[in-house]
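So that the names make sense, note that chain A is the first sequence line, chain B the second, and so on, each numbered from 1. All heavy atoms count here, side chains included; hydrogens, waters and symmetry mates do not.
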Amino acid sequence: MNRKKLQKLTETLTKNCKHFDKFEVKCLINLFYTLVGDVTERQGVVIGLDRNAFRNILHVTFGMTDDMIMDRVFRGFDKDNDGCVNVSEWIYGLSLFLRGTLEEKMKYCFEVFDLNGDGFISKEEMFHMLKNSLLKQPSEEDPDEGIKDLVEITLKKMDHDHDGKLSFADYEQAVREETLLLEAFGPCLPDPKHGVPSGAMSTPGI
Amino acid sequence: MGVALTRSAQWTAAGRGTRTLETTPLNEAILKEIIMFVESFIYKYPQEAHYVFVDPLEWKTNLNPSAFESGYSVSETTVKSEEVDKNGKPLLFLSVPQIKVRSFGQLARLLLIAKNTKFQEAQACVEANRNPIAKILGLDYDTLTEDSSKVNILDKIIKEDDPEIDMKMKIAMLLKQLDLHLLNHSLKHISLEIRLNPGTVKNDIELLKRFSGKGEHTVLEYIDYTSDYEFSNGCRAPPWRQVHGEICYVLVKPHDVETLCVTCSSEGVFLNGGKTEDEGEINYERKGAVYKDLVTFLKEKSAKFSENMSKQEFAFSEEQQKEKDQPNEEPKKEEAITFRKAVTGSDRSTQEKNQINFGKTRMTKRLEPSLNWKATVDSKERRSLVRDSQEEKHIGRLEKARPSVSPGRAQIVRKSAEKIEEIISESSSESEEDEEPPDHRQEANADLPSEYWQIQKLVKYLKGGNQTATVIALCSMKDFNLAHETCQLAIRDVGGLEVLINLLDTDEVKCKIGSLKILKEISHNPQIRRNIVDLGGLPIMVKILDSPYKTLKCLAAETIANVAKFRRARRAVRSHGGITKLVALLDCGQNSTEPAQSSLYETRDMEVARCGALALWSCSKSYANKEAIRKAGGIPLLARLLKTSHENVLIPVVGTLQECASEESYRAAIKAERIIENLVKNLNSENEQLQEHCAMAIYQCAEDEETRDLVRLHGGLKPLASLLNNTDNKERLAAVTGAIWKCSISKENVTKFREYKAIETLVGLLTDQPEEVLVNVVGALGECCQEYENRVIVRKCGGIQPLVNLLVGINQALLVNVTKAVGACALEPESMTIIDRLDGVRLLWSLLKNPHPDVKASAAWALCPCIQNAKDAGEMVRSFVGGLELVVNLLKSDNKEVLASVCAAITNIAKDQENLAVITDHGVVPLLSKLANTNSDKLRHHLAEAISHCCMWGRNRVAFGEHNAVAPLVRYLKSNDTNVHRATAQALYQLSEDADNCITMHENGAVKLLLDMVGSPDQELQEAAAGCISNIRRLALATEKARYT
């Protein structure tokens, strides 16, 4: 990609992105192209990170492990649902990932947890997300009992309108009361304990 | 217990039949320990309690068969226990008077039945069964425990896989433990008994020699050995006396007593029969009590010695200290400690060896220095070790508490020395919270609330869940009412505390936050605090203080603030470097540029500082922590935080300062850092708690005059005065009145308080207030009433009645202040009339009987103006039956302040002729004369005044001369205090009416001194001195005249 094009791209993306300055955007674009690798630019083919490449980044850089959650994060990044994260999605996603406000993050996390995208996190969805969260005790008759109980506990804690599922309003209220519940059903944001990879992001603010 | 019994217990000399235990404190202690062991056996080891002894323990009992109740079949002369062994034989069989017991269970029950006589029973049992282990476990076990070859024991266990052997082994171990315990116990007794060795005696004598000689200020006229020959072991006593433990004989001549011939023996120091004139032989017979060392002995025998010693005490003990630090002079105490250490620390064989060594050491009276010790213990620890015997007890206790595995002797010594230092260093402000509350765990089968089960479930998820599940469980747990004890204890009882603390040690920020949020709440419970410390939670939390996440730092600091409410916790915080880190948190408030987008785990810098200050506040209750905070540079940071306007930050900051202001170094720093200004500013705050702590801090700091002025200059007196009007909050009122009290020590402040009408308000507070407030209010009034105007105000406001009413209290601090205030009021005749009418003088007089010297002295001071200003004072004083005798007897006190005050009171009493006659009959003259050898100028002043007034009766002048009061009085003229000069000159003038006294004065060089006094600007002094000289001169002329006619 020539320099002029790059500069233009940087400028447009900087304009649309409120959390990064120009220099940071430039660095991230460079990083993006490094990650994508040498793919010759051709008309009609979108340059981007496919699901596997992206999951690899999530795993290596942000320390995520849960396959399902990683898939959901990919979907969260891939706004246009074309199966790969292009450069503007990359910048947009990272700005939320690294610098997002609580409101942005809540919105994002809710989308991640709302597996079928119907605007509610249902009991089944919760069960699905939490099913690996407890150590299986071989002695127990029903191995899922603990998970079910955990789902009930979560509902009791977060379902303020008692309709048996979490709406965004329920979720938002619970998170505002207790920030720890932001990632209630699995880590979908960078773990604060992991270092921030690039020099461009040296002011994580945490 | 075999070893302990054979080696430590003191048996009567072998003789007819069975030997018996002597009744010595050591034996009693051993028996008590044994009784305790047996009694608790049944609870601690219920299974072993049923074990049947190989041979029964058999002895003659005094118990009556009728004493046995259920569980026994009782006939007239026999008792059988219903509990039987495998063969059906009863485990307890009594056939008067022989008793046979075959299990620990029965032994314990027997002791229970014996109640008051259990001590005798135990003694009889031990006496009759000289080798209880052999009887209990069989002969082979006895030898086995003796050589303590653990390998043997193990072999046995492996070879014979028999449950009974197992049981036997366990009992053998238990008995061995008891044995060890008894040995340690008895060693403590033994170590107290060794007192002197030739080395220390020699030191004492050499030192005393240095301070002896002719003249005023020496402690003794001379001190010397009776014999010049020193044996190679350091003793000077002839060998046949050395056998009795005697070391040497010393001739001592104190200033005020005859020459004493003293025996120094290893038991102590005592007076012997003296040296016979003709043969120079010493009568070795003991003639008096045994004292622990030479100095104590002499202090008892010679008043002059003890007085001069107190002057030189410091120098002397310092010398002694140095002496002890010199190599090759092993202080005995240290030896004892090292020795004890060895016993606890090492195994049986060393123990035995040491015991033998110990015996030898005692025998030869020469203690070997242990090089090991010398090399590793530095001088600081050494000092802390030789401080005093009380601390030694500490060591003893600590040792007992420590498990008995020791990697290196010196290391343990060092540790325990540190511990001692810490124990001593704790400040007096420890609250009752420090006492360990009884740990009542919930009964397993009691009705458990539903929360209990829910919490148990959550803890299960905490244990077995990943990060996501853990966070959910933590959040859910937080929804319980964590302020409630049921929930707090439930979390602990289901093992939640361990999990929560473990979570702190992980990398998961969210889990740490969640866990700390719960710990912060439940640590309000004192038991939980202790559990957290026991589980090692504090070091982890201290480590979290370094975390980059401010939320985490805050939570950790807040939790530490809750946990560090007791001493052990505070020590743990300090020893893990927590103080420095907490002080560092205070520094957060500086960079004002907060990041624009705060992250999830971000809090404001002020919040961090607040939490830091909160934790420091808790920690600052220990003295060592105060020091640590200061060393970590905490004071400037606290001073800077004081400038903020955030009340929730200010409260812990001022709280910390107030706590620390008990230390002199802090008060200086508070002055230097201009903290007073801000304290005053915050007095004007709206927040009551803040006001309280500010006032408290001012109260602490205002001991210092400059600080008092600063409070005034910054306008702090007005808010203080106005806060007096709000009496609802008693804590704040106590703090405010305290601050007013201390501030009113400065006259200028009193004037201000008068302007602000504070005195009237204070008088109003004399009724219906708690004691803490009263003490301060009365203290403030006492200071204010030093001025005439204020006395009038107090009287006009009707303050005298409540003050006099307070004279009947029991609070010592209050009484000291009340007497002072009443005394101050009595300076004014009109007030005095009221006090007299209210019978205040009688109340004051009865306070002379108060056990506390401060109260006595204060009451006696207060009596002086009363007697001065009362109408018909003489009659009033006489009306107190036994009152005069009481006052005179107080002259026997050994408290200087009491003596001075009583002398002042006597001065006033003696102004009335009749009363003077009465106190003369009660022997005031010899008692006053006895005090004459004092160095305190205050006492000298009042004593001289008392003497001059007491001269006015009968032959008292002559009597003072006969009791050797004149010569010391002359010496008073060399003092630097003009008050002393005046009083002394007046006394001498009175005494000089007697010819013999004139001669004494002349001999002691009074004339030259008095001549100087004649030139003094003080008129009274001039007159008295001149009068005295003229009396002396007149006598001289008369004698000359007599000689020539």
Do other residues, nucleotides or ligands put more than 12 heavy atoms under 6.0 Å from the NZ atom of Lys581(B)? yes
Using non-hydrogen atoms only, which part of Lys517(B) is less than 4.5 Å away from chain A: side chain, backbone, both, or neither? side chain
Find the distance between CD1 (Ile153(A)) and SG (Cys475(B)) and round it off to the nearest 0.5 Å. 11.5 Å
Report, as yes or no, whether the 6.0 Å neighbourhood of atom CZ on Arg55(A) holds more than 12 heavy atoms from other residues, nucleotides or ligands. yes
Less than 4.5 Å to any heavy atom of chain A: does that hold for the side chain of Leu474(B), its backbone, both, or neither? neither
Less than 4.5 Å apart, any side-chain heavy atom of Thr179(A) and any of Thr551(B)? no
Take atom NZ in Lys157(A); do more than 12 heavy atoms of anything else shown fall under 6.0 Å from it? yes
Given Glu183(A) and Lys510(B), is the side-chain contact (heavy atoms from CB on, under 4.5 Å) satisfied, shown in steps? CA-CA 10 Å; Glu183(A) 297 170 82; Lys510(B) 280 183 286 186; 3.0 Å; yes
Minimum side-chain heavy-atom gap Lys156(A)-Ser476(B) below 4.5 Å: no
What is the distance from atom OG1 of Thr468(B) to atom CD1 of Ile69(A), rounded to the nearest 0.5 Å? 7.5 Å
Counting heavy-atom pairs under 4.5 Å with chain B, which one of Ile147(A), Asn132(A), Asp66(A), Asp149(A) comes out on top? Asp149(A)
If you measure from CG on Leu134(A) to NZ on Lys463(B), what distance do you get to the nearest 0.5 Å? 13.5 Å
For Tyr92(A), I'd like to know if atom OH has over 12 heavy atoms of other residues, nucleotides or ligands within 6.0 Å. no
Separation of Ile472(B) CD1 from Met158(A) CE (nearest 0.5 Å): 8.0 Å
